[in-house]
2 protein chains.
Amino acid sequence: MMTRPAIGTVAAEARVSIKTVSRVINNSDRVTAATREHVMGVIRRLGYSPSPNARRLAGHRSLLVGLPFDNPYASYVTDVQSGSLASFRAANYQVVMHACDSQSPVLADELRLFVHSVRVDGVLLTPPLSDSAAVIEMLDRDEIPFVRIAPSGRNDPTRSVFAGDRESAAAMTRDLATLGHRRIAFVIGHERDAGTAQRYMGYCDGLRLSKLSLDARWVVEGDGSFEAGIASGRKLLRMRKADRPTAIFASTDLMAAGVLHAAHELGVAVPTALSVAGFGDEPLASQVWPRLTTIRQPLQGLAQQAAAMLMAQLRRDSVPAPAVPVQSSLVIRQSTAVVASRC
Amino acid sequence: MMTRPAIGTVAAEARVSIKTVSRVINNSDRVTAATREHVMGVIRRLGYSPSPNARRLAGHRSLLVGLPFDNPYASYVTDVQSGSLASFRAANYQVVMHACDSQSPVLADELRLFVHSVRVDGVLLTPPLSDSAAVIEMLDRDEIPFVRIAPSGRNDPTRSVFAGDRESAAAMTRDLATLGHRRIAFVIGHERDAGTAQRYMGYCDGLRLSKLSLDARWVVEGDGSFEAGIASGRKLLRMRKADRPTAIFASTDLMAAGVLHAAHELGVAVPTALSVAGFGDEPLASQVWPRLTTIRQPLQGLAQQAAAMLMAQLRRDSVPAPAVPVQSSLVIRQSTAVVASRC
DNA sequence: CTGTTAGCGCGTTCAA
DNA sequence: TTGAACGCGCTAACAG
């Protein structure tokens with residue numbers, strides 16, 4: 001088992017200085033095309049690849065980015081992960097996951113410990129972490145670069161990527177109205193969850209655009225979970241017939257699945273007697289019966305955008321520019337239909 | 001912003017050599033309790049923590065372990081991740097995820113590239129990767145330490161952790177028989193998926209123990225996916241009444257959810273007219289209607305065990321010892337019940 | 001555009 | 001049990 005060649009070996013073989021080889025492998029433009037070609041040839045011939053460990057030490061960086069998460073949807077986490085992985089890896093960065101509890105009063109301290117012990121060079125913030133003032137403040141104070149995925153506030157645009165939740169929630173609401181629904185209920189998610197506020201506003205927009213009035217009876221509070229969906233569904237479906245909504249729009253797929261559960265329980269047929277819509281298009285959405293009409297969030301695209309922004313920050317080259325919101329789209333499946341009964 | 005203290009600062013402050021400080025932070029026993037105490041005091045006072053980057057370079061290791069995965073269940077991946085994270089981190093190791101395609105003909109080469117470019121010190125192999133001969137061979141040849149999670153073969157016990165799939169599948173089958181089911185169908189998973197063979201054998205065991213005979217009509221091949229579950233469900237439920245199974249045991253939760261879908265589609269009531277059981281107890285299992293009876297795999301425990309084994313290998317201290325299989329358990333929910341109709 | 005000279009912060013060989 | 005000096009493989013000034 002022969003030892004792998006180091007940068008010195010390449011330099012000697014190519015009859016150039018170590019620094020030149022360094023410039024070549026770092027894509028510096030202060031090298032003539034000819035020498036670059038030549039050095040690259042030697043590199044290939046020797047099968048050389050630079051030692052990340054040495055680069056870390058000499059470059060004063062870990063080549064690691066942190067991805068803390070507290071998200072009940074496994075698919076959300078894996079989507080962000082796989083969406084960002086490619087961009088990071090292309091820049092020789094690796095992602096380090098970190099499970100945490102966003103409810104914890106010492107969240108920021110706990111994250112600070114993580115960031116400093118692992119010495120990550122930057123951090124990707126997913127909801128609900130992307131909205132934690134304490135975390136943002138801590139990172140800023142410690143000068144750790146970060147990018148926020150789908151925060152609820154629209155300030156800080158050069159360090160955030162957005163998904164246009166409000167617009168798509170409005171579109172879904174209008175779509176339900178178009179199907180003839182006039183009593184469209186909405187199940188709010190957890191206040192800490194990023195999209196929540198935007199989605200609710202979108203629902204209100206949609207009602208207004210459809211000439212329907214907002215009615216507090218049809219707005220219930222959930223917390224994004226499946227169980228909350230069940231509870232909300234029961235509450236809405238047990239209203240007396242004249243008041244009972246003909247459509248329920250839940251601001252997460254998980255809650256929509258819970259609403260379906262409640263409907264089955266109470267013998268309410270979907271979509272015949274009730275339309276149900278979710279948000280997110282997680283795998284679950286197409287694995288329940290009937291398959292959920294929902295909103296597809298281009299999460300992987302969002303994550304990719306976020307990763308690119310973070311890498312740009314770490315390179316300090318390009319000027320920070322706000323990202324364009326990635327567009328979501330409606331996915332119409334079997335859980336929604338035109339209203340059956342007369343009004 | 002003051003620069004963080006290095007090992008030299010600590011040594012000077014404690015009036016000992018750098019090497020002594022090094023021994024203290026590495027828990028070497030060649031240090032008297034008194035000096036250790038003293039040095040630890042200085043370390044705490046200065047808020048010193050060793051630079052991972054320097055340790056990486058000097059120690060010829062990356063302090064990184066690879067976790068390649070190709071698994072359709074997001075929750076499986078996140079479970080393994082969170083189960084192993086603590087053990088790894090306690091040893092100052094970080095986990096680097098790597099998405100890959102287990103079907104690819106160049107899987108081993110692709111993984112080899114990953115392992116060498118990231119320079120991971122070890123690898124955790126999840127199903128179906130834990131069964132790939134090509135991958136195992138590659139890692140052995142390149143002398144990369146690894147641990148396999150739930151491989152189908154029982155050889156290589158000092159580098160594997162097991163879940164006892166066979167026993168729990170048998171238990172589930174017997175449980176269904178106890179409920180009075182005599183026509184118990186089984187949906188096989190993907191051959192490449194680790195548990196598959198074991199689970200099928202467990203089904204056969206269970207039948208035998210319940211004095212029921214294996215009948216090829218009631219054994220259908222799926223591939224572990226939701227769609228395969230639908231197809232299998234349709235096939236089984238469209239048999240003529242006398243032959244139709246009264247219980248369907250699918251070897252993954254995803255397929256069981258597909259079977260439920262087929263049942264709803266065909267108007268077969270669950271669990272009244274049909275019992276359905278899954279395997280894995282993923283979140284999905286309790287989010288479908290009705291909630292699935294299934295087998296809970298202590299995945300996090302398995303992953304933790306695997307992580308500990310890998311760290312032991314990397315330390316080269318303890319002698320490699322086989323792990324004790326982690327026990328699974330039946331989770332009885334609403335999708336199974338006693339047979340309703342006469343035989 | 002290229003080369004020379006110092007480190008980066010720790011582990012490890014020896015000797016004491 | 002402790003210490004001194006060297007080296008890990010590369011990047012970063014600066015000089016040419």
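The figures here come from the full heavy-atom set of this structure, side chains too, leaving out hydrogens, waters and symmetry mates. Numbered from 1 within each chain, the chains take letters A, B, ... in sequence-line order.
- Nearest heavy-atom pair across I25(A) and P50(A) is CD1-CB, 3.9 Å.
- In this structure, N26(B) reaches the sugar-phosphate backbone alone: every heavy-atom distance under 4.0 Å involves primed, P, OP1 or OP2 atoms, never a base.
- The phosphate of dT1(D) (OP1 or OP2) has no side-chain N or O of T20(B) nearer than 4.0 angstrom.
- Residue contacts shown for I18(A) include a base, since a base heavy atom lies under 4.0 Å away.
- There is a side-chain donor-acceptor pair under 3.5 Å between T20(B) and S17(B).
- Nearest heavy atom pair, residue V10(A) against residue V21(A), reads CG1-CG1, 3.8 Å.
- Interface remark: the R61(B) side chain does not form any donor-acceptor pair with the dG11(C) base, using a distance-only criterion of under 3.5 Å.
- Atom CZ in R23(B) sits about 12 Å away from atom P in dA4(D), given to the nearest Å.
- Side-chain contact annotation: R119(B) with S49(A), donor-acceptor N/O pair under 3.5 Å present.
- Look at CG on L63(A): it is 13 Å from P on dC10(D), rounded to the nearest Å.
- What separates CD1 of I43(A) from P of dC10(D) is a distance of 10 Å, to the nearest Å.
- For A54(B), whose side chain is taken as the heavy atoms from C-beta onward, the closest listed nucleotide among dT2(D), dT2(C), dG9(C) is dG9(C).
- For S22(A) and dT11(D), the shortest distance from a side-chain N or O to OP1 or OP2 is below 4.0 Å.
- Between A108(A) and M138(A), the closest heavy-atom pair is O-CE, 3.6 Å.
- A donor-acceptor pair shorter than 3.5 Å can be found between the side chains of H98(A) and R89(B).
- Atom-to-atom, CG of L57(A) to P of dA12(D) comes out at 12 Å; the value is rounded to the nearest Å.
- The nucleotide whose nearest atom lies closest to any side-chain atom of A6(A) is, among dC10(C), dG9(D), dT2(C), dG9(D).
- Side chain of R55(B), nearest nucleotide from dC14(D), dC10(C), dG9(D): dC10(C).
- Following rounding to the nearest Å, R36(A) (CZ) and dC1(C) (C1') show an atom-to-atom distance of 12 Å.
- Closest approach to the R30(A) side chain among dT11(D), dT2(C), dG11(C) is made by dT2(C) (side chain taken as heavy atoms from C-beta onward).
- Atom CZ in R15(B) sits about 15 Å away from atom C1' in dG3(D), given to the nearest Å.
- Mapping G59(B) and K19(B) onto DNA chain D by nearest heavy atom places K19(B) at the nucleotide closer to the 5' end.
- Atom CZ of R4(B) is separated from atom P of dC8(C) by 15 Å (rounded to the nearest Å).
- Residue I25(B) contributes atom CD1, which lies 13 Å from atom P of dG9(C) at whole-angstrom precision.
- The S51(A) side chain lies nearest to dG9(D) when the options are dG9(D), dT12(C), dC8(D).
- Ranked by how close their nearest DNA chain C nucleotide is to the 5' end, Y48(B) and T32(A) are led by T32(A).
- Here R56(B) lies out of heavy-atom contact (under 4.0 Å) with every strand.
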